[in-house]
2 protein chains.
Amino acid sequence: MAISSRFSVAAHILTLIHQKEGDRLTSEFIASSVNTNPVVIRRILGMLSKAGLVRTSAGVAGARLARPLGEITMLDVYRAVQSEQEELFAMHEHPNPACPVGRNIQASLDHVFLDAQRAMEAQLASVTMEQLSLDVASRA
Amino acid sequence: MAISSRFSVAAHILTLIHQKEGDRLTSEFIASSVNTNPVVIRRILGMLSKAGLVRTSAGVAGARLARPLGEITMLDVYRAVQSEQEELFAMHEHPNPACPVGRNIQASLDHVFLDAQRAMEAQLASVTMEQLSLDVASRA
DNA sequence: CTTAGGTGTACTTAGTATAGTTACAGCCTC
DNA sequence: GAGGCTGTAACTATACTAAGTACACCTAAG
């Protein structure tokens with residue numbers, strides 16, 4: 001397994017809001033498009049709201065984009081639904097400090113992992129949600 | 001959570017074999033450096049062996065490198081310990097085909113995800129295990 | 001050829017993350 | 001004030017991982 005499907009659901013939600021702008025989309029409606037439970041949608045909308053990507057108000061249907069989709073990158077969405085401390089690469093935690101390799105492997109690997117993660121994030125940052133939404137629309 | 005720590009353990013193992021070349025490292029010795037159970041090491045060594053990165057023989061201590069560390073990239077190691085079908089990005093599986101967005105979002109996201117994954121893999125491919133091993137040694 | 005040590009692998013267990021679900025308090029709007 | 005919706009807590013089922021136990025089999029050394 002890997003990166004949570006929250007990410008793909010979040011992208012789905014934002015695309016829906018964009019393409020139905022003006023409509024008041026309930027979490028139930030969105031859930032029927034994603035094909036999941038409305039609570040799952042509300043949870044993810046909550047994360048997007050905390051990240052400042054959408055604005056919602058309790059008790060009122062219809063989340064709105066906090067800024068144009070062209071100013072929201074896939075990386076913004078990724079980070080919104082990913083718990084911050086969650087590292088992409090896991091590391092074995094307590095190598096033996098009495099061993100020269102065990103003592104130093106973590107620092108060396110950290111560097112490699114960070115570079116790899118940055119490369120992925122840079123790629124995500126290069127795509128905006130607007131591009132995604134237009135791509136989806138072009139297939140319809 | 002994220003990419004299994006098998007990856008970091010595998011890198012640790014290869015570094016050890018490299019730096020103690022000639023010695024016959026038992027899974028128990030390696031396990032004490034990684035600080036885990038010998039069976040975990042044997043399992044991962046098995047994956048490295050299947051991937052053609054090391055050679056082992058049943059009943060005999062001392063795995064050997066199948067080729068020089070300079071010809072083994074971090075991506076090779078990553079792929080060796082990662083089940084092939086395992087995608088980095090998960091996708092919600094059954095969006096509603098009756099919705100224009102639900103019907104097309106997967107294809108669009110697939111493209112974005114693939115690019116991001118490739119960016120990460122390209123970065124991993126640019127680092128050899130030899131570089132890692134030398135970096136570890138330089139800290140000792 | 002016997003035996004001690006080691007590998008390869010199946011099976012079990014425990015911990016953790018996720019998605020899905022139920023339930024409900026609180027907020028808006030009509 | 002009533003209905004509809006959100007936000008969130010709590011629970012369940014599922015899946016993956018790491019760790020650990022057990023054991024059959026292999027090899028090399030004596």
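Please read all numbers here as calculations on a predicted model, not as lab measurements. Each chain gets a letter, A, B and so on, in the order its sequence line appears, and its residues count up from 1.
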K.L.:
Rounded to the Å, how far apart are B:L25 CG and C:dG6 P?
P.N.:
12 Å

K.L.:
Let me test you: for the helix from C:dC1-D:dG30 to C:dC30-D:dG1, what is the angle between the axes at its two ends (five pairs each), rounded to 10 degrees?
P.N.:
20°

K.L.:
B:Q106 side chain to B:E93 main-chain N or O, any donor-acceptor pair under 3.5 Å?
P.N.:
yes

K.L.:
How many Å lie between CD1 on B:I13 and P on D:dA18, as a whole number?
P.N.:
12 Å

K.L.:
B:M47 has an atom CE; how far is it from atom P of C:dT9, in whole Å?
P.N.:
11 Å

K.L.:
Do A:V9 and A:V39 land in one hydrophobic cluster if side-chain heavy atoms of ILVMFWY residues count as linked below 4.5 Å?
P.N.:
no

K.L.:
To the nearest Å, how far apart are A:I17 CD1 and D:dT6 C1'?
P.N.:
14 Å

K.L.:
So, the side chain of B:N104 versus the backbone of B:P100: is there a donor-acceptor pair under 3.5 Å, distance only?
P.N.:
yes

K.L.:
I'd like to know if the side chain of B:D23 and the backbone of B:L25 have a donor-acceptor N/O pair within less than 3.5 Å.
P.N.:
no

K.L.:
Where the side chain of A:R6 is defined as all heavy atoms beyond and including C-beta, which of C:dA19, C:dC11, C:dG20 is the nearest nucleotide?
P.N.:
C:dA19

K.L.:
Of the residues in residues 97-108 of chain B, which ones touch DNA chain D at a heavy-atom distance under 4.0 Å?
P.N.:
none

K.L.:
At under 4.0 Å, does any side-chain N or O of B:S4 touch on OP1 or OP2 of D:dC16?
P.N.:
no

K.L.:
Using a cut-off of less than 4.0 Å, is there contact between a side-chain N or O of B:S5 and OP1 or OP2 of D:dT17?
P.N.:
no

K.L.:
Which nucleotide in the list C:dT21, C:dT7, D:dG20 gets nearest to the side chain of B:A61?
P.N.:
C:dT7

K.L.:
Once each nucleotide of nucleotides 23-30 of chain C is scored for protein heavy atoms under 4.0 Å, what B/S/- sequence comes out, 5' to 3'?
P.N.:
B--BBS--

K.L.:
In whole Å, I'd like the distance from the CD1 atom of A:I30 to the C1' atom of D:dT6.
P.N.:
12 Å

K.L.:
Give a yes or no answer on whether the side chain of B:S133 reaches the backbone of B:E130 with a donor-acceptor pair at less than 3.5 Å.
P.N.:
no

K.L.:
Using atom CD of A:E93 as one end and atom P of D:dT17 as the other, report the distance to the nearest whole Å.
P.N.:
16 Å

K.L.:
Over how many whole Å does the gap from A:E28 atom CD to D:dG4 atom P extend?
P.N.:
11 Å

K.L.:
Okay, side chain of A:Q123, backbone of A:M120: is any donor-acceptor separation there less than 3.5 Å?
P.N.:
no

K.L.:
Hey, does the side chain of B:S108 reach the backbone of A:L132 with a donor-acceptor pair shorter than 3.5 angstrom?
P.N.:
no

K.L.:
Kindly say whether B:G102 contributes a backbone atom to a donor-acceptor pair with the side chain of B:N96 at under 3.5 angstrom?
P.N.:
no

K.L.:
Between B:T26 and B:R43, which residue's closest nucleotide on DNA chain C lies nearer the 5′ terminus?
P.N.:
B:T26

K.L.:
Between B:T15 and B:A11, is there a donor-acceptor pair closer than 3.5 Å when you use the side chain of the first and the backbone of the second?
P.N.:
yes

K.L.:
Would you call the rings of B:F113 and B:F89 parallel, tilted or perpendicular if under 30° counts as parallel and over 60° as perpendicular?
P.N.:
parallel

K.L.:
Could you check which of D:dT6, D:dA19, C:dA19 has an atom nearest any side-chain atom of B:T36?
P.N.:
D:dA19

K.L.:
Checking B:T26 side chain against B:F29 main chain: does a donor-acceptor pair fall under 3.5 Å?
P.N.:
yes

K.L.:
How long is the span from the OG atom in B:S27 to the CZ atom in B:R42, to the nearest 0.5 Å?
P.N.:
4.0 Å

K.L.:
Identify which nucleotide among C:dG20, C:dT18, D:dT6 has an atom closest to any side-chain atom of A:V40, counting heavy atoms from C-beta outward.
P.N.:
C:dG20

K.L.:
For A:L45 and D:dT8, what is the distance between atoms CG and C1' respectively, to the nearest whole Å?
P.N.:
14 Å

K.L.:
Taking for each residue the nucleotide of DNA chain D with the nearest heavy atom, is it A:G46 or B:N37 whose nucleotide lies nearer the 5' end?
P.N.:
A:G46

